[in-house]
Amino acid sequence: MTEPGLPQPMPVATLPPHLEGLNAEQLAAVTAPDGPLLVLAGAGTGKTRVLTTRLAHMLLEGRARPGEVLAVTFTNKAAREMNERVEQLLRRPVQGMWLGTFHSIGARILRRHAERVGLESGFTILDTDDQLRLLKQLIEAADLDVKKWPPRILGGIIQRWKDRGWAPDHVPTAEYGEFALGRSVALYKAYQARLRTLNACDFGDLLLHNLTLFKEHADVLEEYQRRFKAVLVDEYQDTNVAQYLWLRLLAQVRKNVTCVGDDDQSIYSWRGAEVGNILRFEQDFPGAAVVRLERNYRSTGHILGCASRLITHNESRHGKTLWTDDVAGEPVRVAGLWDDEEEARFVGEELEALQRAGEPLRGAAVLVRAGFQTRSFEERFIAIGLPYRVVGGPRFYERAEIRDAIAYLRVIAQPDDDLALERIVNVPRRGLGDSTLAHLRAYARARDCSLHAAVRELVETDELKPKPRRALSDLVATFERWRGLMETAPARELCETVLEESGYVAMWQADKSPDAPGRLDNLKELVHAVGEFESLSGFLEHVSLVMENVTDPTSDMATIMTLHGAKGLEFDTVFLGGWEEGVFPNQRALDEGGRAALEEERRLAYVGITRSRRRCFVLFAANRRLYQGWVSSLPSRFVDELPAEHCEFLHRDGFAANRLRSPGLPPRRDGDPLARFNAARSRKGPIVEAVAEIVPDADGGFDIGMRIFHDKFGYGRIEAVDGDKLDIAFDKAGRKKVIASFVQAVP
DNA sequence: GGATTGTGTATTTTT
DNA sequence: TACACAATCC
């Protein structure tokens, strides 16, 4: 057996096909004997490959059968990929592995033993939206002002508690906090009780109930401890306490656990992830083997140089030194732009240049810190007709029409799903408004039964007015009929029928708003998606656990996404936008988390740079449009932390000079942003050089800085010229783009 | 009960 | 700016 750290090169001839092409460290990790193993794998070092190959290797050696393997990932995509690669390595389909996300496996286990924690096996998995509506009801029921104590905040608090593995009774008094004057735990308790009567779970519960299950039912725990001969964990640095406890319970008997991760890529502490888990692995599993993967196969030398240097500014890390044999390649290009519009224009031009050079757009990505930054890029790309996709934007299953349709299906599958029923009871309109609903709720609460049960009873009485009573009894009867259909008709057919007969499709057909056709398309797509599943419940499980968009990989588009979304991906060319203090590192994160948060932001920057294979751009803008008004900012401290020898600092001729001299640009809060901007950079010299002269237009037309008059907007000053379009800061009307022929020069 | 207008507030990051 | 929610009116 190969010793970690002292790998013996195997004679090539004896190497089985699935181990071919691995380097010594990778091979050591893959072939390490049973027992605790930590693989510290830097970005681009073949982490996923090692994990999947080790799994395949174990199966091939007969150390575990598929049904005895537990392999957990964070994303559905990673799980899918892992499954595919294992099958590729084994050259056959593999069935029965417990391979999936923490949540999906948690759900799978919970469904088998639901009654042990006070649920029924058919429990519903609530999404965030349902959760918030429920919390809102509870906050109101507690006579608290929803404005003052927003459900969102409470949801966040509860989620963090669950991430730490705390059921309501286990929340330490010190953690009660200020929310609702310290009543947050009472609300948490009420929330859990309500979930139980609804036979529902939220995301956090999937693991929390597992923990309760394992702690209170030793026989169940033992069953799984015996079953799982091998436990493998991807992205271990992102595990939270609940996940960590869960894993430890499952692995503590056999101790055959492989964790793969990179402490430098831990970027989810805000979601409860504990870098400590990975830093502590060797204490948790004494005698653990540790393998470091430091050879990077992804990026060129300059890119790796930048990333490596940047991350050395962090103090709490295992410490790895990535290296590569690759060429130095192109230096990382760092560009300072005037504003976010200019930033987007810059990226647009670079992308067009790539296109002209014959490179596919799908190899390029714009990575940003926060969602709002995608806007200017989208606007620009639309303007120049550049195909792009935004990953992580509004998701398919979160669209209102899809959620409505799914609510119908949920009520069919689970009549007591009150949240689903409430959602669609009056969609389309059936004359069942607030007052009827209030009546129903009161009745259900008094009887401690579900809304559905309340409806069934109430329609038999004359407590309701004839109209709503009629509507309700019709609705109940219709659902009853659909439920009968569930037994006989295929899921797809049922879905179609429901959408038709409920009048839901008709509702959108009658809608004349511009987005109605799109919504109808989405509904068709939903019907199609349902068709992929055997049963309705199978589909619903998928919907609650797999909330992701599937993107068509064949179309050639540039990608825009957040840095978080980009983890685990790679692109030939990467644009990192918005490297400004406040944006990145994010001010709010800094305020909340202090130095630890700064380090996390820096890891995020590291993740960003290491996504790129060959080309990387770092961009920052002096001014940024933020909901109302402009904010000017300084270049991110991360820019200063990039090593000059691996970077090229750019400015483009013309733009800097023009902008600097043009007065009255976005409102200045304190002095000239560009001056501050450069002053802050004085150590390395200005990125955006000040040039004294304004270069007049050759044709004697409109110049930057010129005063003009516009019939509608009044007086203003030209900020930029783009062909016949002028970018003008009007004295009264703000900044606008107008066609040159509509303005006249003022002497 | 439903539609319309007005007001307030929000922008991290997501399984 | 843009959306969600509430108050108000029909």
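So you know, we letter chains A, B, ... as the sequences are listed, proteins then strands, and number each from 1. Just so it is clear, the values below take in all heavy atoms, side chains as well, and ignore hydrogens, waters and symmetry mates.
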| query | Of all the choices, B:dT15, B:dG1, B:dA3, which nucleotide is nearest to the side chain of A:Thr436 once you look at every atom? | reply | B:dG1

| request: Would you kindly check if the NZ (Lys) or CZ (Arg) of A:Arg403 is within the cone defined by 45 degrees around the ring axis of A:Tyr397 and under 6.0 Å from the six-membered ring centre? | output: no

| task | Between A:Arg152 and A:Arg271, just flag the one whose closest nucleotide in DNA chain B comes earlier from the 5' side. | result | A:Arg152

| said: Expressed as a whole number of angstroms, how long is the span from A:Glu235:CD to B:dT15:P? | reply: 13 Å

| Reckon A:Phe74 touches a base, only the sugar-phosphate, or nothing at all at heavy-atom distances under 4.0 Å? | sugar-phosphate

| request: Go through B:dT11, B:dG2, B:dT13 for me and flag the one nearest to the A:Arg429 side chain. | output: B:dG2

| query | Under 6.0 Å between the ring centres of A:Tyr268 and A:His564? | reply | yes

| said: Need one value for A:Gln159: base, sugar-phosphate or nothing, where a base atom within 4.0 Å counts as base even if backbone is also close, heavy atoms only. | reply: base

| query | Looking across every strand, which nucleic acid part, if any, lies under 4.0 Å from A:Tyr268 by heavy atom: base, sugar-phosphate, or nothing? | reply | sugar-phosphate

| field | Integer angstrom distance from the C1' of B:dT11 to that of C:dA6 | value | 23 Å

| message | For A:Tyr244 and A:Trp246, I'd like to know if the aromatic rings sit close, meaning centre-to-centre distance below 6.0 Å. | response | no

| message | If you only use heavy atoms from C-beta on, which nucleotide in B:dG2, B:dT15, B:dT13 is closest to the side chain of A:Asn426? | response | B:dG2

